[in-house]
> 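Let me give you the structure first, and then I'll get to my questions.
Within every chain, numbering begins at 1; the chains are lettered A, B, ... in the order of the sequence lines, protein sequences first and strands thereafter. Values below: every heavy atom of this structure, side chains too, minus hydrogens, waters and symmetry copies.
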Number of protein chains: 2
Amino acid sequence: MTEDGAKQVALELPAADAGAPPSRRLGRQIILTEAVRFIDTHGRDRLTMRRLGSVLGVEAMALYRYVPGREQLLDGVVEYVMNELYEATMRQAVPESWQEYLQQMAHGVRALAVRHPRVFPLVATRPPAAPWLRPPLRSLRWVEGFLAGLHLHGFSRLESVGVYRAFSTFLLGHLLLEAGTLGDGQSESIGDDIEFYESNDLNEYPRLLELSDQLSQDAFDVEFEDALEDLINRVAVMRT
Amino acid sequence: MTEDGAKQVALELPAADAGAPPSRRLGRQIILTEAVRFIDTHGRDRLTMRRLGSVLGVEAMALYRYVPGREQLLDGVVEYVMNELYEATMRQAVPESWQEYLQQMAHGVRALAVRHPRVFPLVATRPPAAPWLRPPLRSLRWVEGFLAGLHLHGFSRLESVGVYRAFSTFLLGHLLLEAGTLGDGQSESIGDDIEFYESNDLNEYPRLLELSDQLSQDAFDVEFEDALEDLINRVAVMRT
DNA sequence: ACCTGAACACCGTTCAAGT
DNA sequence: ACCTGAACACCGTTCAAGT
């Protein structure tokens, strides 16, 4: 019903070497690349050692040479997309104002969430290896870079922590929501599951009908920009 | 390493009828109650039809009389805690000011996240049955009640939608973060997993050291209250 | 009406064995 | 050095059979 589907139907797997021929030699990077691709298209729950092996033209057991286990594979996936983020954001020129800087960083993270909507929940909910690293900003390297950028714009150590907190919370809320609507394709027939649990008579909930109208348009763009502006104003106030 | 642990060790299950004797007769409610309890103590990934059955003193197959499958069981768990929330918040007297009202609602949702930190990610990441219902505010009933409360305080339909959006995003970001630190007990030995993936030499990341100091204190309380206040101000501005 | 045994198609993971 | 076969302990789910 949700991710994996109730019935365990054979997932049509490409015959050993179909698709982009996964450059013959196995290795950690190739495995992670393919794992990300797999989650992007099939979702986290369908990713299985055996299936991933099959996509790579190899038996599942071969993966254990390069990855300790399934959990660590998922951690590796998170690491992988965070490295993408690092390349995409930290290599840019640092803008003149800290406001622009925060915009740049925020849009970078959002681009990640939009490119990998089904990976993003992992970034957001996996217990961080370092407990003081907050999702969805999970890379030591990236956060260090982020803080360095703030320092360039004259933020003190203490201010930076405040910004980091507000920033990560802001991104988590907005992007997890947006990724959620992107990830799971069509939510199948809409009222189907609902009625199983709750009275589905929408007439009982008059306000919800209007809500659904108002919310259906993809207001994520403006919502994000507005809230980001507010966040920046908040930071500005905090600094005075 | 994360949830389920790598090795599949038998999870010491109480002999059929240990613990609180789960009132003899099976049924949907008893099943959900026990499922919530199970996730609270063992985590989502360890919840399995067979184990849950065993806790209830019954074979796994018996559960299928009352629940269509595992995915729907998890949906039922979400439904269950949302009903808890409804009872806790919607039955209260509506305060004089809308500011107090929003405070009351926010604290209600937060209490839920704190009481069920390992269930909360489900509330936050499961694809909503109704796509315009945003996590973590997933109950038709609850949202209808929430909107009705706003209406009582003179909010227009359109304003209400804006408040609903900002409110749900705010809660999602903050509470998912807080639940994350509560749920998974001690994150085991801190630097253990990290070094597998990234250079763990914290001296390479000087700012992170200070960050970890500043963040270690559980600032969630003040953080939440501050951000809530900001949100309320934002709503106030929006209304003018 | 309510539960179970047995069976099926899947899992993750280990390890001795192949090349 | 790198991969596989076979095995083990688990899964979710179905269904005919028990009471």
> Please give, in whole Å, the distance from D:dT13 C1' to B:L73 CG?
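Spelled out: CG on B:L73 to C1' on D:dT13 is 14 Å.
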
> CG of B:D45 versus C1' of D:dC10: gap in Å, rounded?
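After rounding, the reported distance stands at 14 Å.
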
> Output yes when at least one side-chain N/O atom of B:T48 is less than 4.0 Å from OP1 or OP2 of D:dG12, else no.
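Affirmative; the distance criterion is met.
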
> Roughly, in whole Å, what's the span from CD in A:Q72 to C1' in C:dT13?
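Whole-Å distance recorded here is 12 Å.
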
> Going by an N to O cut-off under 4.0 Å, is there a salt bridge joining B:R134 and A:E178?
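A:E178 and B:R134: not salt-bridged.
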
> Can you check the B:M49 CE to D:dC11 P distance for me, whole Å?
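Result: 12 Å.
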
> May I ask you to verify if any side-chain N or O of A:R25 is less than 4.0 angstrom from the OP1 or OP2 atom of D:dC2?
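Indeed not, no polar side-chain atom of A:R25 lies that close.
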
> What is the distance, to the nearest angstrom, from the OH atom on B:Y64 to the P atom on D:dG12?
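Rounding to the nearest Å, OH of B:Y64 and P of D:dG12 are 6 Å apart.
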
> If you only use heavy atoms from C-beta on, which nucleotide in D:dG12, D:dC3, C:dG12 is closest to the side chain of A:R70?
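Looking only at side-chain atoms, A:R70 lies closest to C:dG12.
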
> Under 4.0 Å between a Lys/Arg side-chain N and an Asp/Glu carboxylate O for A:R118 and A:D45?
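Salt bridge flag = no for A:D45 with A:R118.
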
> Should B:I30 and B:R25 count as side-chain neighbours, where that means a heavy-atom distance under 4.5 Å?
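Not in contact.
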
> For DNA chain C, please output the secondary structure as dot-bracket, reading 5' to 3'. Pairs are Watson-Crick or G-U wobble, both atom distances under 3.5 Å; mark crossing pairs with [ ], other-strand partners with |, unpaired with a dot.
||.|||||...|||||.||

> Against A:R138, only a single residue in A:L85, A:V78, A:L122, A:D75 fulfils side-chain contact (heavy atoms from CB on, under 4.5 Å); can you say which?
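Between A:R138 and the candidates, side-chain contact (heavy atoms from CB on, under 4.5 Å) is satisfied uniquely by A:V78.
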
> Please determine if B:R141 and B:E79 form a salt bridge, counting it only when a charged side-chain N lies under 4.0 Å from a carboxylate O.
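Result for this pair is no, no salt bridge flagged.
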
> Could you tell me which residues satisfy side-chain hydrogen bond (donor to acceptor under 3.5 Å, both in side chains) with A:E59, sequence neighbours excluded, listed by chain and number?
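side-chain hydrogen bond (donor to acceptor under 3.5 Å, both in side chains) check on A:E59 returns nothing, list empty.
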
> Could you tell me the separation between the CD atom of A:E71 and the C1' atom of C:dC11, rounded to a whole number of Å?
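Distance check: A:E71 CD to C:dC11 C1' gives 13 Å.
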
> If I take atom CZ in residue A:R46 and atom P in nucleotide C:dG12, what distance separates them, rounded to the nearest angstrom?
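One finds 14 Å between P of C:dG12 and CZ of A:R46, rounded.
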
> Answer yes or no: is there a side-chain heavy-atom contact under 4.5 Å between A:V123 and A:P135?
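A side-chain contact under 4.5 Å is absent here.
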
> Enumerate the protein-to-nucleotides 4-6 of chain D contacts in which both atoms are nitrogen or oxygen and the separation is below 3.5 Å.
from  : atom 1 : to    : atom 2 : distance (Å)
D:dT4 : OP2    : A:E59 : N      : 2.8

> Which whole-number value in Å describes the distance from B:L47 CG to D:dC11 P?
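After rounding, the reported distance stands at 10 Å.
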
> Can you check whether A:Y66 has a side-chain N or O nearer than 4.0 Å to OP1 or OP2 of D:dC3?
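A:Y66 to D:dC3 OP1/OP2: side-chain N or O found under 4.0 Å.
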
> On the six-membered ring of A:F224, is A:R110 placed so that its NZ or CZ lies under 6.0 angstrom from the centre and within 45° of the ring axis?
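Satisfied, under 6.0 Å and within 45°.
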
> Do the side chains of B:M105 and B:M90 get nearer than 4.5 Å, heavy atoms only?
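Result yes, sub-4.5 Å side-chain heavy-atom pair found.
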
